[in-house]
K.L.:
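To start, I am sharing the structure in question, which I have written as structure tokens.
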Amino acid sequence: MSVGIPEIDEDHQKFIALINDLNRSISDRMTPDEIVKRLEIIIDDAARHFDQEEKLFFEWQYPDVSGHALIHSNILSSLQIMKKKFIPYGHDSGWVDAGVQIKKILIDHILKEDMKYADYYHNHRGSVPKNQFEAS
Ligand SMILES: [Fe+2]
Ligand SMILES: [Fe+2]
């Protein structure tokens with residue numbers, strides 16, 4: 001699942017660890033407050049990570065900045081909707097499905113969409129000044 005850009009890979013691994021933590025809190029039947037706290041951490045981390053990617057796209061002159069940014073914003077909306085939808089139900093089945101769905105949405109995004117900019121990055125790295133490709 002590596003995009004071959006160390007800073008981004010680190011972020012993605014952190015992301016997956018947070019999602020696993022959320023799913024563990026759901027399967028351990030922690031209180032809804034604890035589960036929501038973990039979901040909020042994921043939402044904040046996703047927002048920060050998406051901003052970081054979009055900043056890099058401008059530096060790299062990646063052609064599909066707006067398409068990718070729109071997908072980021074849709075993901076954040078879906079996470080907010082899930083949070084609102086499942087909070088009232090406590091431990092009824094909703095959370096288990098939500099946890100699985102959140103993992104799927106974020107992993108699919110990395111595998112399908114982030115891999116597109118990874119290809120661009122690796123194919124065009126030599127054609128713009130090197131410092132524009134430093135992911136810091
Ligand atoms: Fe990403
Ligand atoms: Fe992305």
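Along the sequence shown, residues are numbered consecutively beginning with 1. Note that the coordinates shown come from a computational prediction; the quantities given were computed from them, not determined experimentally.
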K.L.:
Output all residues satisfying side-chain contact (heavy atoms from CB on, under 4.5 Å) with L111, sequence neighbours left out; order by chain, then residue number.
P.N.:
M1, I107
K.L.:
Would you give the length of the straight line joining atom CD1 of I71 to atom CG of D64, rounded to the nearest 0.5 angstrom?
P.N.:
7.0 Å
K.L.:
With sequence neighbours left out, what residues match E40 under side-chain hydrogen bond (donor to acceptor under 3.5 Å, both in side chains)?
P.N.:
K83
K.L.:
Can you see which heavy atom on I26 is nearest to which on G99, and at what distance?
P.N.:
CD1-CA, 4.0 Å
K.L.:
Does some side-chain heavy atom of H68 sit less than 4.5 Å from a side-chain heavy atom of H109?
P.N.:
yes
K.L.:
Roughly how far, to the nearest 0.5 Å, is the CG atom of L22 from the CD1 atom of I42?
P.N.:
4.5 Å
K.L.:
For the residue pair H12 and D114, establish whether any side-chain heavy-atom pair is separated by less than 4.5 Å.
P.N.:
yes
K.L.:
Looking only at heavy atoms, which two atoms of Y120 and P63 are closest? And how far apart?
P.N.:
CE1-CD, 3.5 Å
K.L.:
Would you confirm whether S73, through its side chain, and A69, through its main-chain N or O, come within 3.5 Å as a donor-acceptor pair?
P.N.:
no
K.L.:
For H122 and I5, run side chain to side chain contact (heavy atoms under 4.5 Å, CB included): C-alpha distance rounded to whole Å, both residues' side-chain angles, the deciding distance at 0.1 Å, then the answer.
P.N.:
CA-CA 9 Å; H122 294 292; I5 305 164; 4.3 Å; yes
K.L.:
Looking at E10, I'd like to know if its CD atom is crowded, meaning that more than 12 non-hydrogen atoms belonging to other residues, nucleotides or ligands lie closer than 6.0 Å.
P.N.:
no
K.L.:
Going by side-chain contact (heavy atoms from CB on, under 4.5 Å), name the residues that satisfy it together with N20, two or more places apart in sequence or in a different chain.
P.N.:
I16, R24, K103
K.L.:
Atom CG of D21 and atom CG of D28: how far apart are they, to the nearest 0.5 Å?
P.N.:
9.5 Å
K.L.:
Could you tell me the separation between the CG atom of L39 and the CD1 atom of I19, rounded to the nearest 0.5 Å?
P.N.:
10.0 Å
K.L.:
Using a strict threshold of under 4.0 Å (side-chain N to carboxylate O), is an ion pair present between K14 and D45?
P.N.:
yes
K.L.:
At what distance, to the nearest 0.5 angstrom, does CE of M30 lie from CH2 of W95?
P.N.:
13.0 Å
K.L.:
Under the side-chain contact (heavy atoms from CB on, under 4.5 Å) rule, collect the residues that match up with N74, sequence neighbours excluded.
P.N.:
L70
K.L.:
Let me see the working for D11 and E53 under side chain to side chain contact (heavy atoms under 4.5 Å, CB included), right down to the final yes or no.
P.N.:
CA-CA 10 Å; D11 257 17; E53 279 187 348; over 6 Å; no
K.L.:
Would you sort out whether I75 and E113 count as a side chain to side chain contact (heavy atoms under 4.5 Å, CB included), showing the intermediate values?
P.N.:
CA-CA 12 Å; I75 291 176; E113 303 302 326; over 6 Å; no
K.L.:
Do V100 and I102 sit in the same hydrophobic cluster, where Ile, Leu, Val, Met, Phe, Trp and Tyr count as joined when their side-chain heavy atoms come under 4.5 Å apart?
P.N.:
no
K.L.:
My understanding is that only residues two or more places apart in sequence, or in another chain, count here; which of them pass side-chain hydrogen bond (donor to acceptor under 3.5 Å, both in side chains) with S2?
P.N.:
D9
K.L.:
Pairing donors with acceptors under 3.5 angstrom, does anything connect the side chains of H49 and H72?
P.N.:
no
K.L.:
State, yes or no, whether a side-chain contact exists between I8 and Y117 at a heavy-atom distance under 4.5 Å.
P.N.:
yes
K.L.:
How about I110 and L106: do any of their side-chain heavy atoms sit closer than 4.5 Å?
P.N.:
no
K.L.:
Sequence neighbours left out, what passes side-chain contact (heavy atoms from CB on, under 4.5 Å) with K37? Give chain and number order.
P.N.:
E34
